[in-house]
Amino acid sequence: MAKYPFRELENKWQAYWQSNKTFKTPTKVDTTKPKYYVLDMFPYPSGAGLHVGHPEGYTATDIVARYKRMCGYNVLHPIGWDAFGLPAEQYALRTGTHPRITTEANINRFRKQLQSLGLSYDWDREIDTTDPEYYKWTQWIFLQLLERGLAYEAKVPVWWCEALGTTLSNEEVVDGKSDIGGHPCERRMLRQWVLRITEYAERLLKGLEHTDWPQSTKEMQRNWIGRSEGAEIDFKVQGGDSSVIRVYTTRPDTMFGATYMVLAPEHPLVDHISTKAQRNEVSHYIELASRKSDIERTELQKEKTGVFTGGYALNPVSQEAIPIWIADYVLSSYGTGAIMAVPGEDERDWAFAAKYDLPIVRTVQPPSDFTGLAYTGDGPAINSAFLNGLYIQEAKERIIDYLESEGLGTRKVNYKLRDWLFSRQRYWGEPIPVVFEGDQVSSLPENALPLTLPELEEFKPSGTPEGPLALAQNWLQTINPSSGNIAKRETNTMPQWAGSCWYFLRYIDPKNSMQIVDPKLEKYWMPVDLYIGGAEHAVLHLLYARFWHMVLYDAGVVSTPEPFSKLVHQGMILGELEYTAWKNIESGQWVTSPQVSGGKDVHTGAHLEAVRIDEERVTKDGDKFFLKEKPQIQLDVRAHKMSKSRGNVINPDEIISQFGADAFRLYEMFMGPLEQVKPWNTRGVHGTFRFLTRVWRLITERPVHDIKPEREQLRLLHQTIDRVTSDIEGLRMNTAIAALMEFVNAAFKWKQIPQEIAEYFVLLLSPFAPHISEELWQYLGHQESLAYESWPELDKQYLTEDMIDLPVQVNGKLRATIRIPVEIDKQQVVERAMLETNVLKFVANKPVNKEIYVPGRILNIVVG
RNA sequence: GCCGGGAUGGCGGAAUUGGUAGACGCAACGGACUUAAAAUCCGUUGGCCGCUAGGCCGUGCGGGUUCGAGUCCCGCUCCCGGUACCA
């Protein structure tokens, strides 16, 4: 019994698609037809090659692309490479290999791997962010930002990473350590390019309402933007002069309870306010805070620290003199860098007040059963003069009105979002297209683009804020084309996010040397109809791309404010499910898992070894798993992230060579819902492979005749058309495949296959398993690729049935299933049901209270 | 802590608006074919009782609404992801 020859036929069809440019989207398409732009998050071509996570999203979009083509849409389905970035540069550092070489090799490998999956990309639109013809336009966008005042230079405190010899963005630093490599980082003041994303905060927030995106992603972006409403209030400093401390608060209603103030250690007024007596202590604290790396600041965050400045301010409503403190729990970068502290209503202020024995006044009446310290909930105001009795919302309105009328404060909206630090001290990035004459910056004219990277022998970061480009003397020294004067180039490059902020626009018109994108083409193809990629980009890439797109919209370059209509994140694929038992290495004794914490025995403190247990040695009791040979030993059961160190990485190349691309694609889609995290199981690939073998045999091993299909066969076919179509539309690939499997299981019992049915089935299968489908299509007598055949149309008349099986319940419990004609009425159904002995048994002689009949669904007889 | 998402057989999962819980697949077991293995085909497989017609229990836990709840409401527990002195 021959398996289907997947190797030959997959090679054959991949070659066919490539040489025939089957999936090329012509530059000029018939624009009267509807369009569908289906986009993948393009990969960073890493040295490790493709992992099993990539094909998950890529197969899903490929299915949609193939389906939409068959539905008559013009489909744009491109791919490219997000190829600038740190790894190639670090590899260059270690080996001396130029990043260009590494990148090219990696791209070639990725391209080959993607092609081996049979993905229907238009390879004539491939783009590469490191190609000067591409980054010319990335630089062009930077010039637009500069022109619009959205790019500026600033001395800003930035994350400096000594080990990497470069600055990093806030997002690239996690817990004071670099996201890549985990090296310690510290704050430094540096001259940097910054993009004014904050100017778009409100629009970035509002725009989310019009997108079909995952709720969680929208929420994460909202939190990141962090809009809050409140007031800025001026507190007069007590003493001779007229200096004031401006604070930002979201709870102006509590200001009668402001019993002290806190400034960030970096606040400009600190020096001015501190009294002679306190000055030593204050400057000591400031120095400590500045020397503390942010690792320490976050680690020490449980315990608040601060010192009294000796100064006092006047609470503008209570007229009380309140002490001014400094403390590093107040951040200089948010609001005004100063707060009014209301310990009664704020947990942080309470903790601080309690520690330093500062007065606490409640301004909101907590409920009688409230047992906590600071009360942050709603309630009537107390100790607040004219606000007393008002609930929070009303009290806020009243106090802001008062402050504004007295000139003491103003309503104010604040955002957590910071401007985007756009400079990197790296070689392998887009050069920033500006020159300096002394401190005077001028942008390069458009005709000077692209500003290409110089060839370098040495890629070491200079270890100073000047990046490796400072070493390229010939490149660095130049003439300002605008003035003709001697000038110096910018040594910083753009961050990796830059190229990915707009790549989806370039796919539309990738070869255009005159414009970033032809406006007519842009108008036709944008916005992206479906965008699939990992949830790890929920904030950064997706927020930056939206920001640039809005700027380009304002500049009249693009026609829509939002770039991505519908967004879906594929869930991560974990390694295979693992059963782990813990063993004391010295004694050889097993330790039950609830008694294990952090790899140690919680009783003895002994180090334990994790031992992987085969499924056969595992037994389940309740919802927990135990060792079969020693049932008192509980096991840990978990699928872990794939990682080299854990040794659970699945290589897609191996799976493809063993089972073929079609079986691999099918398995990745069959595992479960696209968005869900799910464990890998290689045995599952056997299952989809077996299915394809059955498909192959179904059509090639039994006679296919041009006979008239029976009604039963047509019903099965159209049921399958119905299910597969709506499942693809809803991205429920797993259940679509289940429907195809059910079809094959049923059709396998037929003696012969009507030609018409076989053809329709092959078309239904083709988006999922394109190679075998093309081969079978040819086998069924067609000359052309099936890629543009019409998608099978549902004919509802075949779905109707004359007789159905109706479940019959008595008091809500299933007692029988009766076979009845569809169109009979309730009375007849009840009469028929009452013939069932099992129904009679439960009805007995009890009075029938109610008969609920949902036609086609259920009959429920309720007896007394 | 806060925000978001989950919890269904040995495992991955199915069950469009409340209407036969466990589709489809994996694994396991039994059988056919085979010298044998692989492959393939047929059958069984939520638990318990009868082992046949059938019955009882069952979708993380406790309550509620309903003729009827995996699905809706209230209150919990646990898991995953994100995020955190943001005033």
Side-chain angles (χ1 to χ4, degrees), chain A residues 1-3 214-220 222-224 226 228 230 247-251 254 262 297-298 301-302 304 327-331 333-336 338-342 345-349 351-352 414-418 535-536 538-539 571-572 576-577 615-616 618-620 623 625 637-639 666-667 670-673 675-688 690-691 693-694 697 726-727 730 732 734-735 737-742 745 748 805-817 837-838 841 849-852 854 856-863:
Chain A
M1 207 77 29
K3 286 180 190 178
Q215 205 50 48
S216 57
T217 301
K218 288 195 200 185
E219 204 50 40
M220 280 160 82
R222 285 192 193 107
N223 290 340
W224 192 266
S228 65
V247 302
Y248 174 72
T249 178
T250 55
R251 291 292 304 276
T254 64
V262 186
R297 272 206 196 183
T298 42
Q301 116 188 359
K302 298 136 214 158
K304 295 196 181 357
D328 64 5
Y329 83 91
V330 172
L331 308 174
S333 55
Y334 183 77
T336 60
I339 62 158
M340 61 173 203
V342 187
E345 321 305 322
D346 183 284
E347 281 160 9
R348 293 154 302 173
D349 295 346
F352 192 79
N414 242 323
Y415 300 93
K416 280 197 265 183
L417 186 69
R418 294 291 112 82
E536 67 273 20
V539 178
M572 203 195 312
E576 299 219 13
L577 199 70
E615 210 181 328
E616 297 86 71
V618 173
T619 175
K620 194 179 188 186
D623 56 356
F625 290 84
V637 185
R638 240 198 104 165
L666 226 37
Y667 173 65
F670 188 59
M671 288 171 85
E675 300 89 331
Q676 193 169 300
V677 176
K678 37 204 178 282
W680 178 268
N681 181 357
T682 299
R683 286 188 299 219
V685 193
H686 277 102
T688 54
R690 210 171 290 162
F691 164 67
T693 307
R694 278 162 68 82
R697 293 176 43 213
S726 62
D727 282 349
R732 295 180 298 268
N734 53 332
T735 48
I737 293 166
L740 293 167
M741 287 173 165
E742 282 178 67
N745 288 346
F748 228 69
D805 294 313
L806 186 81
V808 178
Q809 298 180 332
V810 178
N811 286 350
K813 280 188 193 264
L814 182 73
R815 296 304 176 189
T817 315
T837 50
N838 208 44
K841 191 167 119 194
N849 293 342
K850 229 185 206 179
E851 288 148 352
I852 292 140
V854 184
R857 286 284 190 184
I858 207 158
L859 173 68
N860 189 10
I861 300 166
V862 186
V863 295

[X] has an atom [atom1]; how far is it from atom [atom2] of [N], in whole Å?
{"X": "A:K416", "N": "B:A84", "atom1": "NZ", "atom2": "C1'", "value": "7 Å"}
{"X": "A:F691", "N": "B:C24", "atom1": "CZ", "atom2": "P", "value": "13 Å"}
{"X": "A:K304", "N": "B:A87", "atom1": "NZ", "atom2": "P", "value": "14 Å"}
{"X": "A:R251", "N": "B:A87", "atom1": "CZ", "atom2": "P", "value": "12 Å"}

What string of B, S and - do you get for nucleotides 42-57 of chain B, 5' to 3', when a contact is any protein heavy atom under 4.0 Å? ------------SSSS

Contact state string [nucleotides 6-16 of chain B, B base, S sugar-phosphate only, - no protein heavy atom under 4.0 Å]: ----SSBSS-B

Could you pull out all residues at least two apart from A:Y667 that satisfy ring-ring contact (aromatic ring centres under 6.0 Å, His included)?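 For A:Y667, the residues satisfying ring-ring contact (aromatic ring centres under 6.0 Å, His included) (neighbours in sequence not counted) are A:W680.
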
Residues two or more places apart in sequence or in another chain: which of them pass ring-ring contact (aromatic ring centres under 6.0 Å, His included) with A:Y329?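 Partners of A:Y329 under the ring-ring contact (aromatic ring centres under 6.0 Å, His included) test: A:F352.
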
Which protein N or O atoms sit under 3.5 Å from an N or O of nucleotides 65-67 of chain B?
residue : atom : partner : partner atom : Å
B:C67   : OP1  : A:K850  : NZ           : 3.3
B:C67   : O2'  : A:N860  : ND2          : 3.3
B:C67   : O2   : A:N860  : ND2          : 2.5

Contacts of type side-chain hydrogen bond (donor to acceptor under 3.5 Å, both in side chains), residue [X], not counting sequence neighbours:
{"X": "A:T735", "result": "A:D727"}
{"X": "A:T217", "result": "A:H569"}
{"X": "A:E219", "result": "A:R222"}
{"X": "A:N745", "result": "A:R694"}

Write down the protein N/O and nucleotide N/O pairs, taken from nucleotides 69-73 of chain B, whose separation is under 3.5 Å; answer none if there are no such pairs.
none

Shortest side-chain distance from [X], nucleotide among [options]:
{"X": "A:P807", "options": "B:A87, B:U20, B:C24", "answer": "B:U20"}
{"X": "A:M741", "options": "B:C85, B:U40, B:C24", "answer": "B:C24"}
{"X": "A:R697", "options": "B:G82, B:A87, B:U40", "answer": "B:U40"}
{"X": "A:V854", "options": "B:G19, B:U40, B:G4", "answer": "B:G19"}

Please find the pair of heavy atoms, one from A:L740 and one from A:F691, that lie closest to each other, and give the distance.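 That closest heavy-atom pairing would be O-CE1, 3.8 Å.
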
Smallest separation among heavy atoms of A:G812 and A:N860, with atom names: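 So the minimum-distance heavy-atom pair works out to N-OD1, 3.0 Å.
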
Can you tell me if the side-chain N/O atoms of A:S216 get under 4.0 Å from OP1 or OP2 in B:C3?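 It does not, given that no N or O in the side chain of A:S216 lies less than 4.0 Å from OP1 or OP2 of B:C3.
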
A:E742: which residues meet the side chain to side chain contact (heavy atoms under 4.5 Å, CB included) condition with it, sequence neighbours left out?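 With sequence neighbours excluded, A:E742 shows a side chain to side chain contact (heavy atoms under 4.5 Å, CB included) to A:R723, given in chain and number order.
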
Does any nucleotide pair with [N] by Watson-Crick or G-U wobble geometry, both distances under 3.5 Å, and what is it?
{"N": "B:U35", "result": "none"}
{"N": "B:G18", "result": "none"}
{"N": "B:A84", "result": "none"}

Looking for any heavy atom pair under 4.0 Å, which part of the strands does [X] touch: base, sugar-phosphate only, or nothing?
{"X": "A:R222", "value": "nothing"}
{"X": "A:R857", "value": "base"}
{"X": "A:E219", "value": "sugar-phosphate"}
{"X": "A:N745", "value": "sugar-phosphate"}

Would you give the length of the straight line joining atom CG of A:L417 to atom CG of A:N223, rounded to the nearest 0.5 angstrom?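 It comes to 12.5 Å.
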
Rounded to the nearest 0.5 Å, what separation is found between the CZ atom of A:R251 and the CD1 atom of A:I339?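 CD1 of A:I339 is found 13.5 Å from CZ of A:R251.
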
Mind jotting down which residue pairs meet the salt bridge (Lys or Arg N to Asp or Glu O under 4.0 Å) criterion with at least one end in residues 807-816 of chain A? Sequence neighbours excluded, please.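 Non-adjacent pairs meeting salt bridge (Lys or Arg N to Asp or Glu O under 4.0 Å): zero.
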
More than 12 heavy atoms of other groups within 6.0 Å of A:E347 CD: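 Not more than 12 within 6.0 Å, no.
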
Starting at the 5' end of RNA chain B, which residue's closest nucleotide do you reach first, A:T817 or A:E742?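 Its nearest nucleotide lies further toward 5', so the answer is A:T817.
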
Here's a test of your reading of the structure: between A:Y329 and A:T217, which maps to the more 5' nucleotide of RNA chain B?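 The residue mapped nearer the 5' terminus is A:T217.
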
